[in-house]
Enquirer: 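Pasting in a structure now, in structure tokens, and then I'll have a few things to ask.
Counting starts at 1 for both ligands and their atoms, following the listed order. Bear in mind that the values here come from a model prediction, so they are computed numbers and not experimental data.
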Amino acid sequence: MRHLMSPMDFSVEELDKLLSLANDIEHHPEKYAHACDGKKLATCFYEPSTRTRLSFEAAMLNLGGSILGFSSADSSSAAKGESVSDTIRVISCYADICAMRHPKEGAPLVASQKSTIPVINAGDGGHQHPTQTLTDLLTIHSLKGHLGDLTIGLCGDLKFGRTVHSLIHALIRYPNIRFVLISPEELRVPSYIREEVLTQHNIPYQEVERLEDAMADLDILYMTRVQKERFFNEEDYVRMKDFYILDKAKMALAKEDMLVLHPLPRVNEISVEVDDDPRAAYFKQAQYGVYVRMALILTLLEVEVC
Ligand code: NCD
């Protein structure tokens, strides 16, 4: 039995297979409509979510399966003091696979150690968000045609943004990847990622504070929101929240085929005037999230569709 805690849990070959399965699902959804008949997905979400939870649920429903779960800690027995280990033991009796989001780093990993069904990390605190990364990889591969030879700008809250952490881990395995890390000093990528991931693997990267200084070089601009819920005080959040606003004027500095991605939700960091720009791919990205989660459920449940 396999779990998914980090994008590194899959080899590059396994990722290639997963992305081509997602691609086939996109083009031939009818082939997969009954692949999970009789199977159940539990979504155990101890933190707010729109896309991740609902795209997981849509994915299982598209495969013919059923869904159950909770969407906040308050509506589960966590509010009574139950541990994730006990909760997952019980969920294992009710479902075939579980997607779990938790505000504490490592909680889904703890759950996976007690689980008798596959557990998927749907976001653990400021740590990792592997299924968002699968979504991002599918989006880049589908729209750019390749995952190597790219200069990727990661902009915003690089300190607390778990999507950024997972994406960096995943992309360094492809050839000729370069990062431009665009953040204010206080929201820089954690030093363990700079030292143990980027430097140790000889990945070229540059850190800049002004988005304008990076725009012209980028093939992908990955925008993120300032992670309000992970700040220790409101004042710091208010000071940081509008540090970056991508608008038409900044888009004019970018390459004609640059893609703008964002895991969403967006707050103010992308002006709505950018939405009509053909390079804005963030809503398309949310759609790819369903195909890739369908592929992931099939892979972890070891369901083969001929
Ligand atoms: C992200 C998350 O939860 O980390 N959202 C998502 O799953 N698409 C990004 C965010 O909340 O900013």
Side-chain angles (χ1 to χ4, degrees), residues 4-7 22 41 43-59 69-73 98-109 119-140 152-170 181-184 187 189-190 193 220-231 236-237 240-246 259-270 275 280-294 296-297:
L4 177 67
M5 293 298 125
S6 135
L41 164 79
T43 49
C44 299
F45 276 56
Y46 296 84
E47 256 197 351
S49 170
T50 298
R51 266 148 300 272
T52 306
R53 187 170 63 84
L54 298 185
S55 66
F56 259 117
E57 296 186 354
F70 52 85
S71 57
S72 75
C98 172
M100 178 180 285
R101 169 170 289 188
H102 203 286
K104 286 217 176 88
E105 287 81 1
L109 177 65
V119 176
I120 299 163
N121 176 5
D124 63 328
H127 184 217
Q128 296 260 4
H129 192 346
T131 65
Q132 182 62 49
T133 295
L134 298 180
T135 303
D136 302 338
L137 296 180
L138 180 63
T139 308
I140 297 170
I152 296 135
L154 301 164
C155 176
D157 186 346
L158 309 187
K159 178 180 180 185
F160 296 117
R162 56 194 174 195
T163 61
V164 166
H165 305 162
S166 288
L167 188 57
I168 291 176
H169 274 97
L181 307 174
I182 309 151
S183 76
L187 298 179
V189 162
I193 294 186
I220 309 276
L221 171 60
Y222 193 92
M223 294 295 294
T224 62
R225 113 191 126 87
V226 176
Q227 305 280 296
K228 182 179 183 191
E229 64 276 37
R230 313 223 187 276
F231 274 72
D236 285 346
Y237 169 69
M240 293 287 139
K241 75 181 174 63
D242 293 328
F243 206 94
Y244 298 107
I245 298 180
L246 179 65
L259 288 181
V260 184
L261 302 188
H262 190 311
L264 302 178
R266 138 181 66 191
V267 187
N268 289 327
E269 58 281 354
I270 303 180
D275 294 358
Y282 29 93
F283 290 112
K284 192 111 215 290
Q285 190 181 356
Q287 175 67 54
Y288 283 121
V290 178
Y291 308 134
V292 93
R293 289 184 174 94
M294 289 170 74
L296 177 65
I297 291 170

Enquirer: Determine, for R230 against E47, whether the closest basic-nitrogen to carboxylate-oxygen distance falls under 4.0 angstrom.
Expert: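 Between E47 and R230 there is a salt bridge, with a charged N closer than 4.0 Å to a carboxylate O.
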
Enquirer: For R101, is the nearest heavy atom under 4.0 Å from an atom of ligand 1?
Expert: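 R101: in contact with ligand 1 (<4.0 Å).
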
Enquirer: Can an N or O of T52 be found at a distance shorter than 3.5 Å from an N or O of ligand 1?
Expert: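 Yes, there is a polar N/O contact under 3.5 Å.
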
Enquirer: Counting only heavy atoms, tell me which of R162, Q132, H127, K228 gets closest to atom 4 (O) of ligand 1.
Expert: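 Considering heavy atoms of R162, Q132, H127, K228, the nearest to atom 4 (O) of ligand 1 sits in R162.
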
Enquirer: Which label fits F231 and Y237: parallel for a plane angle under 30°, tilted from 30 to 60°, or perpendicular past 60°?
Expert: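 Taking Y237 first and then F231, their aromatic rings stand perpendicular (interplane angle over 60°).
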
Enquirer: Return a yes/no value for E229: is any of its N or O atoms, backbone included, closer than 3.5 angstrom to an N or O of ligand 1?
Expert: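 No, no N or O pair falls under 3.5 Å.
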
Enquirer: Is a side-chain N or O of Q285 found less than 3.5 angstrom from the main chain of T135, in a donor-acceptor match?
Expert: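 No.
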
Enquirer: Contact between L158 and L187 at the side-chain level, heavy atoms closer than 4.5 Å - yes or no?
Expert: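 No, side chains not in contact.
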
Enquirer: Do me a favour and list the nearest non-hydrogen protein atom to atom 6 (C) of ligand 1 with residue, atom name and distance?
Expert: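 That would be L264 O, 3.4 Å.
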
Enquirer: Looking just at side-chain N and O atoms, do D124 and Q128 make a donor-acceptor pair shorter than 3.5 Å?
Expert: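 Looking only at side-chain atoms, Q128 and D124 do not form any donor-acceptor pair under 3.5 Å.
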
Enquirer: Heavy-atom distances under 4.0 Å are what count here, so tell me which part of E47 touches ligand 1: side chain, backbone, both or neither.
Expert: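 Answer for E47: neither.
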
Enquirer: Is the backbone N or O of G125 less than 3.5 Å from a side-chain atom of R162, with the two atoms forming a donor-acceptor pair by type?
Expert: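 Checking the backbone N and O of G125 against the side chain of R162, a donor-acceptor pair under 3.5 Å is found.
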
Enquirer: When you measure from the heavy atoms of P265 to every atom of ligand 1, does any distance fall below 4.0 Å?
Expert: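 Yes.
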
Enquirer: Which residue and atom name correspond to the protein heavy atom nearest atom 11 (O) of ligand 1, and how close is it?
Expert: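 Of the protein heavy atoms, R225 NH2, 2.8 Å lies nearest.
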
